[in-house]
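Here's the structure we're looking at; comments come further down.
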Amino acid sequence: MKKTMRLERWLPVALVAGILAVWEWQVSAGRMSALFFPAPSTIAATFARLLTTCVLPANIVATLSRVFVGLALGAIPGLILGLAMGSSSRLRAVFDPLIAALHPLPKIAVLPLIMIIFGIGETSKVVVVAIACFFPMLISTAAGVRQIHPIYFEVAENYGGRLLQVFTRVVLPGSLPLVLSGLRLALNTALLLAIAVELVSAREGLGSMIWFAWETLRTEELYATLATTAALGISFNIVVQYLTAKLVPWQVEREG
Amino acid sequence: MKKTMRLERWLPVALVAGILAVWEWQVSAGRMSALFFPAPSTIAATFARLLTTCVLPANIVATLSRVFVGLALGAIPGLILGLAMGSSSRLRAVFDPLIAALHPLPKIAVLPLIMIIFGIGETSKVVVVAIACFFPMLISTAAGVRQIHPIYFEVAENYGGRLLQVFTRVVLPGSLPLVLSGLRLALNTALLLAIAVELVSAREGLGSMIWFAWETLRTEELYATLATTAALGISFNIVVQYLTAKLVPWQVEREG
Amino acid sequence: ARGGASPTPELAHLKVVHLPYLTFAPLFIAEEEGYFAEQALEVEFVKFDRSSKAIPALVQGDVDVLGGTISLGLFNAIARDANIKIVAGKGYVTTAGCPFNGLMARRELLESGQLDEPAHLAGRRVAANPSSSSGYYVEVLLAGSSLSLDDVEIVDIMSPVKLDALEKGTVDVVYASEPWVTHILRAGHGEMWLPIQAILPGFQTGILAYGPTLLEQNSDAGRRFMVAYLKAVQQYIIEGKTERNLEILAQHTGLDLELLKEACWPTFHDDGQIDVQSMVDFQNWAVAEGLIDSAVATKMFWDPEFIEYAVQVLEVDKQ
Amino acid sequence: MRFECHNLCKVYLTRDGSVTALDGVTFAAEQEEFVCIVGPSGCGKTTLLKLIAGLLEPTVGRITFDSDAADGRLRSALVFQEHGVFPWMTVLDNVAFGLEMQGVGRQDRYARARAFIRKVGLSAFANNYPHELSVGMRQRVGIARAFVADPQVLLMDEPFGSLDAQTKLVLQEELLRIWKDNRKLVVYVTHDIEEAVLLADRVLVMSGRPGRIREEIQVPLGRPRNLSDRERPEVVEVKLRIWGMLEDEVRQGLEMPT
Amino acid sequence: MRFECHNLCKVYLTRDGSVTALDGVTFAAEQEEFVCIVGPSGCGKTTLLKLIAGLLEPTVGRITFDSDAADGRLRSALVFQEHGVFPWMTVLDNVAFGLEMQGVGRQDRYARARAFIRKVGLSAFANNYPHELSVGMRQRVGIARAFVADPQVLLMDEPFGSLDAQTKLVLQEELLRIWKDNRKLVVYVTHDIEEAVLLADRVLVMSGRPGRIREEIQVPLGRPRNLSDRERPEVVEVKLRIWGMLEDEVRQGLEMPT
Ligand SMILES: Nc1ncnc2c1ncn2[C@@H]1O[C@H](COP(=O)(O)OP(=O)(O)OP(=O)(O)O)[C@@H](O)[C@H]1O
Ligand SMILES: Nc1ncnc2c1ncn2[C@@H]1O[C@H](COP(=O)(O)OP(=O)(O)OP(=O)(O)O)[C@@H](O)[C@H]1O
Ligand SMILES: [Mg+2]
Ligand SMILES: [Mg+2]
C-alpha cells in the first residue's frame, strides 16, 4: 500500500512535468506563440528573478495578508451563521432567502460602492474578500450540520446540553469534515478575490502583478505569478489536509 | 408550527422592506448621497422601465444562457470527478494537488489567454463560467462522498455491486444532500462569473449592463441590475430547495 | 463609387474594438453614417472593458482594428515581434480649447492656495495609474519640480470612487478624462487644476492600430476602413456638437445629451496623423521606469500608409 | 420521583400518510420502581421512552412528573437502542458526556467516567474512537454514559441487546446495584421476557402497532434476586403468561400486516 | 459449497497502536452446514464474518472456498450487525438490492422482494424509508434483503438481536426452512447460547480478544428441530457447557481489561 501511495504522490508531478516538457518543445519548435505561451524555461527564469529580487515575496505577503484578514472576517461569521442555520429550520427560513439574494451579487462590480462606504484603503479590499469567502463557508457548514444524524442531537438534549454545549460538542465536531471542505473553498475564494481586487485597484499583491504583466504584455511575468498562485493553492490544500488529519481523527478512511 | 413558519417566511421580506424604507427616508432627508445610493423608489422606477422596454429581459436571457451552458459544462464533470475522488483515495492522491493548484487561478485574469485559445466569442465566456463552477461542485461532492458511512460500501460490495452500480446506488444518493449544496454554490458561482466576464467583454448580459451603468454613472440602473441578480439568486435557491425536496425524500428534518 | 479604389470591392467583415468612450466618436459616426458600408465594410464592434485587453486578440487576428489609448503592452508586443502597427491617431492633447483630460484637485486646496504649483504635490495623495499614461503625466509634471513619483502617494481607484474621494478628502488630486471631468465638476468638490495640455501639449493620447489581418492579408480592407474613419473624423471636426453627432454619441456612449453638450470633446488631427515624438518620449520614459524591455523604432510601430491613401482618396472625393 | 402518562398518543407524519405509533397509553411509574416494557417489534416502545425523556412531543396526552429534585428539573438519562455514541469523541469523552453537560470539571468527570469504563470492561479502549470498537463495545459505552450521569430516572432501550449472555449478566447485576443504592426509577425496554421478569417489579406488556398497554404484570419475586435463577416456577409461570400474550400480537403482525 | 479458514489473523491499526482482533483462527465449514459462532463481546466475531465475506483482508492467513457455482464466483450475503440498511432507499428497494446488483429486472425483483417483506411483517411499510421504521423493523429489512438474494453462503451477524422473542422464533423457523430447502451454508453469530444450540449443527466457541476458536461443539440434536423445545436435557447440557466456557473469558475481560 505504502509503495503504491508513493506512486500516486508522484503521478501529478509527473503529469505536470510532462505537460511542461511538451510545451517547451512546442515553443522551441515555433509551433506555439512565444508571446502568449512563453517557454517554461523562460517562465522559470523570470520566476527565479522575481524571487531573488524580492518582488515576488513582497507581493505574496501583500496578497496573503488580504487573504487571511478577509478569511478571518468572512469565514468565522460564515461558520457561526452556518452552524446556526444548519441546526435550526427557523433560522434557515429567515436567512436563506437573504443569503441566496446576496451570494450572487458580483463583488468586483460593487467594489466602487464598497470603497465609497469603507474608504479607498485596505479595509475595502479586505471587506470584499471577506464577503466572498463568507458564502461558501456558510453553505458548506450548514449542509454539514444538516447531515449530522438526529440521534446525536437527541443524546445531547437528553443529557441536558445547553445551546452552547450542543454547539461545541455536537454541531461543530459533527459538521467538521464539511466545515473543513468549506474552509478549503473559502480559502481559495479568498485568494481568488484578493487577486481580483488587486487587479482592479492595488499597487501591490499578486493581482497587481498580473495586471501589470498584462498591461505591459510581459506574459512570462504573468505565468510566473500564476504559478505562484497555484503554489499558494497547493499549500492551502496541504494546510487543510493537515487540519483535517488533526481535527478529524475519527474519520474513517476507505482504501482504494 | 405552520403559523410560525409563515411568520418566518415573511420575516426576511419585512427585514428587506424595513431597510429599504430607512434608505428611502435617509435619501429624501438628504443624509445619503443620492448619486451613489439612489432612493429605492427611483431604483424601482428604473427597474420597471428596464423591464417594460425589454432591456432587462433580453440581458437576463443572455446571462442565464451563459450560466446554464457553463454550469452544464462545469458542474457535470465536477460532479463525476467529485464522486470518483470521494470514493477513491488513489484518485484523490493524484488529482487533489492539481485541483488545489488550478482552483485559485484568477479566472478573469486568464480570460485573455482563454480568448486566445477559444476565440473572442461566446465559447470563451462559457468556458470561464464552466471552469469556475467546476471546483465548488467537485469539492462539495467529494466531501459528500467521504461522509458516507463505510458500511454502505461494504453492503454494496457484499451483494456484488459493480463499480457503476455502487456509483449510482450508493455514492450518488449518499452524497446527494452535499451534491445539492455543491450545486447551489456552483449555480451562484456560475452567475457571479458570467457577470464578471460580461463586465470585461460582452455587449449584453447583466454584467455589461452593470459595467455600462458604472461608465455612465447611472447608479439607479446599477442597483436595478443588482436587484435582478439578487432575484435570480433567490430563484436558484428555490430551484435547489425544490430539487432537494424531490430528490432527498429520506432527509430527516429537525424542527426548531 | 465614392472613395473606392477598386470598382466593386469585396464585402469585408471587420471586428473592431468598441468602448463607449468619447474618443471613439469617429468610429461611431462612420458606422452610423454608413461610411463603413460605403466602403463595402461590415463592421462588428467587439466589447472589451479596456483597450489594452484587446491587444492579444489583435495579435491573434481575432479582432482586426484596435482603437484605444496608447499603452505599454502595444509597444512590448511589437518589440516581441507581434505584427501590429499604429495606423492613425485617435485623439491628441490640444493646446487650444477646452481640457478633455487633466489633473483635478480638491476645490478647497485650490481655493486656499495650497496647490499653486506642481511642487505642492509633494506628500499629497494622487489618484492615477503609475503604469499607464496617467502615471506618465504625473511623473512629467513632478519632474519639472525635481520631484518623482516617490514623493507623492499614488492610489489606484476607479473613476466613480474619485468623485466620492474628492468629496471626502481622501484624495487630493485625481487624473480624470471626460465625461468624468464633467461629473466631477458637477458634483462640485473638485476643479480642473492642470489640464494635460499644460503638462504635455500635443501628446498623442489615442491611436488606431491594425493587426496582421489588415496589415498582411487584406490591406485593401484596411485602406477602405481608413477612408471611412477619416471621413468620420472630418465630420466630427467640422460639425462638432451638431444634433446628429450628439445623437450618435449618445447612442454609443450611453451618456445623456445634457452631459454630452456640457462635456469637452477630444480633439483629432483631420489627416489621421500622430505625434510620433510624443510616443518616442513615452517609450523612453517607460524604458527608464523598467516598464517595457526596450523602445521600438518608429517604423516598427507606425505605418502611415493607410492615412496617406485615405487622405488622397478623400481629397479626390471633395473635388 | 414518579411520573404518570395520561392517554399518550403519538402519530408520526410520513411522506405519504401517517403512522400511529402509540394510541392511548396510560400508566404510572412509582418511586424507586423498576418497570420493564415488553412488546412486539415496532409497537412503539422506543417512542414511549422518548416521550418520557421529553425528546418527542406527544400528539395527544401528557406526562406529569413528581420530582423531589431541588431545581425541579427532571434529570433522566436514556440509553438509546441505537447507542448514539458520538463518533467524534473518545470512549472517555463519550462516557463523561453527561457529566460534562452538568458542568462537572474535567478531572472529576474523567475520574468518574474511568470507574464506569472499567466496570463495562473497556479500560483498554478509553482513548479509542467508537469506529474502532465492536458493536457490543459501543453499546457498553452508551450504558456507562447513562450510569455515570447518575440520573433520577434511568430509561433503557434494550440496553444489553448486543451483549453476550455473560457480560449482560454482570451488567444487569451492576444495574440492580445502582438502582438500589441510588434509589432510582428505572424504565427498561427489552425483548427478552425472561430478563424482564427477573429484573422488574412490574412488567408492562404492549400490544402491536398502534401500541397500547395490554397488561400490567406484577412480578411475584422478592429482592434481592438471583439473576441466574431462571428456572424457578414463579419465573417460568409469568414468562409463559407474557409469552402467550405477545404471541397473538406477533403472529397477527407477521401474518396479516396492517 | 464449503470453505476453510487457515490461521487467520487480523490486526487493526488505530491512531495510537494496534488491536489484534483475531489470532490464528482455523476451522472449516462444510457443505450445507449450519455453523454458529458464540463469543464474548469484542472478540472478533464480526471481523471473522467480514473476512469470510471478503470485505476485509486478513493480516495473516487465508480462506479457501470450494464452490460448485457455475461462474466460480462466491455469492455470500452478510446480514450486518448494524443492519446497513440504505437510508436513501425505500424498504422495497433495500430488500431488492441484492437482486438489483445481480441484474434482476425491476418487476421480477420487486415481486420477489415483496414476498419476503411480507414474511418479515413489513408489507405496510414497503414504500417507507428506513428512518420511519423502528430498530427491529430495520433489522428485518436487512434479513429480508439477505434472504431474497439467495446466496450460497449466508453470513448472519446477530441477525435477530433487536427482535422480540416471538418474531425471532418465526424468523428462525423461516431461516431453517430456507437453509434446508436451498441447501445453503449458514454461518451465524449470536450472543444467545440457547439459540446457537437450537439452530446449529456445530457451535464454535471463541475466546476473548484476541479471538481464537476455543472449542468446537457438535450439537447432539436431530433434524428437524422444534425451536420451542428449550428444556430438553441435551440442549440444557450443551448450553451449560458453553456457558461455563464463556464465563471465564468474560469475567476475565471485565475484571482485568487488556
Ligand atoms: N421518525 C418516524 N417517522 C415515521 N414513523 C416512525 C418514526 N419513528 C417510528 N415510527 C413508527 O412508529 C412505530 C413505533 O416505532 P418504535 O421505534 O417506537 O418501535 P419499537 O417498539 O421501539 O420497536 P423495536 O422493538 O423494533 O425497536 C413503528 O411502526 C415505526 O414505523
Ligand atoms: N475498524 C476498527 N479499527 C480498530 N479496531 C477495530 C475495528 N473494528 C473492530 N476493532 C476491534 O476488533 C475487535 C473485534 O471487533 P469485532 O467487531 O469483530 O467484535 P465482535 O466479536 O463482533 O463484538 P460484538 O459482539 O461486540 O459485536 C474489538 O476489540 C474492536 O475494538
Ligand atoms: Mg425500539
Ligand atoms: Mg460484532
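So that the names make sense, note that chain A is the first sequence line, chain B the second, and so on, each numbered from 1.
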Atom of Ala190(B), atom of Leu71(B) and distance for their closest heavy-atom approach:
CB-CD1, 4.4 Å
Please look at Trp214(B) and chain C and tell me whether the side chain, the backbone, both or neither of the residue comes under 4.5 angstrom of a heavy atom of that chain.
both
Heavy-atom distances under 4.5 Å only: say whether Thr219(B) touches chain C with side chain, backbone, both or neither.
neither
Any idea which of Leu259(C), Asp164(C), Asp256(C), Val46(C) has the most non-hydrogen atom pairs under 4.5 angstrom with chain B?
Asp164(C)
Would you call Glu198(B)-Arg66(B) a salt bridge at under 4.0 Å N-O?
yes
Close aromatic pair by centroid cut-off 6.0 Å: Phe28(C) and His18(C)
yes
Near-ring test Tyr175(C)/Trp180(C), centroid separation under 6.0 angstrom:
no
Please classify the contact between Leu35(B) and chain C as side chain, backbone, both or neither, with a heavy-atom cut-off of under 4.5 Å.
side chain
Chain C contact via Glu204(B) - side chain, backbone, both or neither, heavy atoms under 4.5 Å:
neither
Counting only non-hydrogen atoms closer than 4.5 Å, does Tyr21(C) touch chain B with its backbone (N, CA, C, O), its side chain (CB onward), both, or neither?
side chain
So, Asp172(C) and Arg125(C), do they make that salt bridge, N to O below 4.0 Å?
no
